[in-house]
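Atoms considered below: every heavy atom in the structure, side chains included; atoms not considered: hydrogens, waters and symmetry mates.
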Amino acid sequence: MISERYVSVWDAISDTPAEALNMQMRSELMVALKTIIKAKGWTQAEAAKQLGVTQPRISDLLRGKISLFGLDSLVNMVAAAGHQVDVKVRDAA
C-alpha cells in the first residue's frame with residue numbers, strides 16, 4: 001500500500017492548491033468567529049442578531065459546516081462582531 005503525504009489536511013481533501021487555501025482560510029475565520037461568540041457569551045440567537053444572520057446560520061457555523069460558508073460572508077460576520085481580518089500574502093512553501 002502506497003501512502004501519500006500532504007502538507008495539510010486541506011491539501012488531502014481538495015482537488016487544487018487554491019481550493020485547499022480557500023478551505024483553510026474559511027476554517028480559520030470560522031474558528032475565530034466561534035471564539036468571539038464564546039468570549040462575548042452570546043447565545044446563538046444573540047450572535048445571529050449581532051452578526052446579521054439567522055440563528056440556523058450560527059448553528060451551521062458552530063457545527064463547522066465549512067461548505068456552507070464563503071470567505072466574503074465570514075469576513076462580513078467578523079466585521080459585524082467588531083473585529084478585522086488581516087491578510088498576508090507570501091511565497092508558497
Which value, rounded to the nearest 0.5 Å, describes the distance between Arg63 atom CZ and Lys34 atom NZ? 11.0 Å
Distance from Leu51 atom CG to Ile37 atom CD1, nearest 0.5 Å? 5.5 Å
Side chain Arg26, main chain Ile66, donor-acceptor under 3.5 Å: yes
Side chain of Thr35, backbone of Val31: donor and acceptor closer than 3.5 Å? yes
Please enumerate all residues that pass side chain to side chain contact (heavy atoms under 4.5 Å, CB included) together with [X], with sequence neighbours excluded.
{"X": "Lys49", "value": "none"}
{"X": "Leu68", "value": "Arg57, Asp60, Lys65"}
{"X": "Asn76", "value": "none"}

Is the closest side-chain donor-acceptor distance between Gln24 and Asn22 under 3.5 Å? no
Do the side-chain N and O atoms of Gln50 and Glu46 include a donor-acceptor pair separated by under 3.5 angstrom? no
Partner of Val85 under side-chain contact (heavy atoms from CB on, under 4.5 Å), chosen from Leu71, Leu74, Leu29: Leu29
